[in-house]
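Values below: all heavy atoms of this structure, side chains included; hydrogens, waters and symmetry mates excluded. On a predicted model such as this, the values are computed, not experimentally measured, just so you know.
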Amino acid sequence: MPYALPQPLTPSAAEPGTVYTVASGDLRPAANVTGWPSQQKLEADLAAALTDLGRTVRRAHDVDETKGHGFIDSQRAGIEVFKQLPPDAPLIVVEGVWQYSHHVLAGLRSHQGPILVVANWSGEFPGLVGLLNLTGSLTKAGVPYAALWSEDFTDEWARDGLRTWLETGTLTHDTSHVRDLPALPADAETELGIALARQLRTEKAVIGVFDEGCMGMYNAIIDDELLNPLGIYKERLSQSALVVEMNKVTDGEAQAVRDWLDAAGMTFHTGTDDATELTDAQLLSQFRMYIAALRIADDFGLDAVGIQYQQGLKDTVPASDLAEGLLNNVERPAVLSRDGSRELYPGTALPHFNEVDEGVAVDSLVTNRIWTAMGLDPATTLHDIRWGQDHDGRFVWVFEISGSVPASHHGGYDKSWSMRQPRMFFPLGGGTLSGVSKPGEIVWSRVFIMDGALHVDLGRASVVELPEEETRRRLDATTPEWPIMHAVLHGVTRDQFMARHRANHLNVAYAPDAATADKALRAKAALFEELGLRVHLCGDVSL
């Protein structure tokens with residue numbers, strides 16, 4: 001009896017002169033519905049530009065009126081969309097909001113036509129963050145693509161970019177600011193970096209990963225085969241274990257964390273409506289998480305830890321960000337072992353890599369060791385590359401993350417505050433660790449995968465102080481509850497940075513002055529080179 005063989009799909013043919021579009025979205029329905037008007041405007045602006053350039057635009061999937069949006073909101077949905085898409089069609093992924101890259105990555109991996117990823121230049125919803133995560137994921141996957149960004153696609157630069165891509169299927173941006181690491185001088189910083197690299201490879205380190213693959217960030221996962229040669233190994237942990245440990249923390253222990261922060265001068269904007277306001281109960285849950293994370297880290301001898309939170313914990317406990325920000329700070333509430341006999345990680349930061357971004361895990365781990373050895377504040381954090389605009393004759397970036405910046409980056413707990421997380425992302429609330437990053441010099445960096453190998457980009461920037469009304473305007477134009485950094489990159493333009501950066505995140509650490517920042521960067525470059533990463537300097541960097 002013959003077997004029932006599956007019928008092969010017959011791909012449809014691309015229509016001449018037609019550009020197809022898809023839109024990857026969030027997994028959280030509230031975020032998709034809230035961001036849909038912004039996405040609609042971007043799609044209309046892009047369609048107008050494409051029409052002016054003589055093309056017909058065809059959206060490859062319908063708007064779901066029941067759901068209230070037109071995003072691809074799961075990996076399965078994305079696979080079904082791409083099954084109906086002509087495999088050789090010119091394809092534009094249009095992103096006006098944060099998106100989950102794995103929703104479309106399966107289809108993009110096998111798509112044979114030219115791919116362009118576009119975003120609106122807007123801070124309202126993190127479409128630029130979504131673009132950078134998707135392009136970073138495509139870079140890791142080895143999928144050719146082009147990328148473009150514009151406020152409304154009426155400007156000449158964006159129109160010229162669209163025209164070039166339509167005519168050639170490719171688009172190349174200026175990345176002349178990037179250069180490979182030259183020979184390093186034989187000095188104390190180089191010696192330090194090499195010594196720390198050899199120690200790491202010999203003595204090894206363990207990073208705790210509370211569930212991998214947060215929010216579809218394929219580019220944030222580093223396979224063991226690339227990670228282990230550095231001397232870094234993963235302890236794979238379940239977020240359910242974190243909740244179990246949280247439930248063992250007593251009310252008194254959680255309250256002691258709150259009392260310490262109150263005494264340190266931190267401000268908590270609290271209310272009584274659990275659905276819309278930050279409440280004391282939400283905060284106590286977050287302090288239980290802080291204590292639980294340290295106790296589990298102690299159990300496994302962890303050198304750094306990452307909590308996914310999205311998606312698993314978001315429907316179980318309040319946000320993880322406040323706990324994460326506390327972990328990254330040297331000065332923080334003391335936590336004792338379960339039997340009360342020992343203080344855990346006394347006088348040190350336990351580096352936390354938000355959203356289990358393992359590129360940041362590698363980076364924050366080695367930064368912590370270099371900065372500590374140099375006698376500097378080792379507090380690190382990642383930021384989303386959210387948006388930016390010119391101010392007073394220079395381009396000032398808005399670097400922003402969901403509420404987990406260490407207090408020392410703000411100038412202390414007395415310059416930090418906590419607000420309820422936005423409901424569309426965090427249904428159970430929880431407080432942030434927010435503030436405005438203090439003026440000063442920083443080293444920024446990103447570890448990423450390209451061409452099957454680990455790379456790192458290193459650069460310098462100055463955090464600047466803006467007038468209070470300008471800071472408020474920028475917060476209101478993005479997410480006002482979250483901590484903000486006003487950054488001016490050294491020798492890197494807006495478009496160069498967007499064209500090169502292979503992730504939605506970058507890691508930052510402060511130095512007391514420019515000369516010390518250069519020394520720390522040199523030590524970091526030496527460490528990464530000794531570990532075998534391909535090191536690239538970005539912009540004006542003094543070695």
Side-chain angles (χ1 to χ4, degrees), residues 177-207 222 226-233 301-304 328 330 345 347-351 353 358-382 406 408-409 440-448 453-462 490-491 506-543:
H177 66 292
V178 181
R179 65 190 190 278
D180 290 339
L181 182 70
L184 290 169
D187 61 9
E189 289 74 39
T190 299
E191 182 183 21
L192 174 63
I194 292 172
L196 288 172
R198 291 175 178 174
Q199 179 192 38
L200 177 60
R201 187 181 285 124
T202 302
E203 299 183 15
K204 301 180 174 46
V206 181
I207 60 172
I222 301 179
L226 292 176
L227 195 64
N228 295 166
L230 310 182
I232 301 175
Y233 292 77
L302 303 181
D303 298 279
N328 272 329
V330 171
Y345 298 86
T348 64
L350 175 61
F353 44 104
E358 292 164 10
V360 173
V362 174
D363 202 333
S364 61
L365 177 66
V366 303
T367 300
N368 176 278
R369 295 186 176 194
I370 293 168
W371 264 242
T372 298
M374 293 180 66
L376 307 177
D377 175 18
T380 66
T381 194
L382 65 81
S408 68
H409 283 200
E441 300 304 309
I442 60 171
V443 176
W444 64 263
S445 44
R446 176 66 205 183
V447 174
F448 60 97
L454 281 176
H455 295 245
V456 61
D457 282 356
L458 296 170
R460 287 267 289 103
S462 297
H490 294 184
L506 84 167
N507 202 50
V508 300
Y510 274 87
D513 52 57
T516 306
D518 289 337
K519 290 179 180 180
L521 186 146
R522 185 160 66 249
K524 196 168 183 176
L527 184 151
F528 279 130
E529 183 179 48
E530 179 68 18
L531 289 178
L533 277 74
R534 300 177 187 180
V535 183
H536 314 279
L537 304 180
C538 299
D540 298 335
V541 175
S542 298
L543 289 177

I'd like to know if the side chain of Glu358 reaches the main chain of Ile222, judged simply by a donor and an acceptor atom lying under 3.5 Å from each other, with no hydrogens or angles considered. yes
Side-chain (Asp513) to main-chain (Ala517) donor-acceptor, under 3.5 angstrom: no
Mind listing the closest non-hydrogen atom pair of Ala520 and Ile370 along with its distance? O-CG2, 4.3 Å
What's the spacing between Asn228 CG and Tyr233 OH if we round to 0.5 Å? 4.5 Å
As an exercise, state the distance from CD of Glu189 to CG of Leu521, rounded to the nearest 0.5 Å. 11.0 Å
Taking all atoms of both residues into account, what is the closest heavy-atom pair of Thr372 and Pro378, and its distance? OG1-CB, 3.5 Å
Nearest heavy-atom contact between Pro185 and Thr190 is O-OG1, 2.8 Å
If you compare all heavy atoms of Leu302 against all heavy atoms of Leu350, which two are closest, and at what distance to 0.1 Å? O-CD1, 3.9 Å
Are Val362 and Phe528 close enough that some pair of their side-chain heavy atoms sits under 4.5 Å apart? yes
Does any N or O in the side chain of Thr367 come within less than 3.5 Å of the main-chain N or O of Asp363, such that one atom is a donor and the other an acceptor? yes
Any His455 side-chain heavy atom under 4.5 Å of Val535 side chain: no
Nearest heavy-atom approach of Val178 to Cys538 is CG2-SG, 4.1 Å
Do Leu537 and Pro182 have side-chain heavy atoms sitting under 4.5 Å apart? yes
State the CZ-CG distance between Arg522 and Leu458, to the nearest 0.5 angstrom. 12.5 Å
Would you say the side-chain atoms of Arg460 pair up with the backbone N or O of Val541, donor to acceptor, closer than 3.5 Å? no
Where does the angle between the aromatic ring planes of Tyr510 and His409 fall among parallel (under 30°), tilted (30 to 60°) and perpendicular (over 60°)? perpendicular
Look at atom NZ of Lys524 and say whether more than 12 heavy atoms of other residues, nucleotides or ligands are closer to it than 6.0 Å. yes
Report the residues that fulfil side-chain hydrogen bond (donor to acceptor under 3.5 Å, both in side chains) with Asn328, sequence neighbours left out, ordered by chain and then residue number. none
Under 3.5 Å, side chain of Thr380 to main-chain N/O of Ala509, donor-acceptor pair present? no
Contact summary for Leu200 and Leu230, nearest pair of heavy atoms: CG-O, 3.4 Å
CG/Leu181 to CG/Leu533 distance, rounded to the nearest 0.5 angstrom? 11.5 Å
For side-chain contact (heavy atoms from CB on, under 4.5 Å), just list the numbers for Ile232 and Ile207, CA-CA rounded to whole Å, side-chain angles, deciding distance to a tenth of an Å, and then say yes or no. CA-CA 7 Å; Ile232 301 175; Ile207 60 172; 3.9 Å; yes
State whether Asp303 and Arg369 are salt-bridged, where the test is any N-O pair (Lys NZ or Arg NE/NH1/NH2 against Asp/Glu carboxylate O) under 4.0 Å. yes
Atom CG of Leu543 and atom CG of Asp518: how far apart are they, to the nearest 0.5 Å? 7.5 Å
Rounded to the nearest 0.5 Å, how far does OG1 of Thr516 lie from CD of Glu441? 10.0 Å
Summary of salt bridge (Lys or Arg N to Asp or Glu O under 4.0 Å) pairs that have at least one residue in residues 527-537, sequence neighbours excluded: Arg198-Glu530
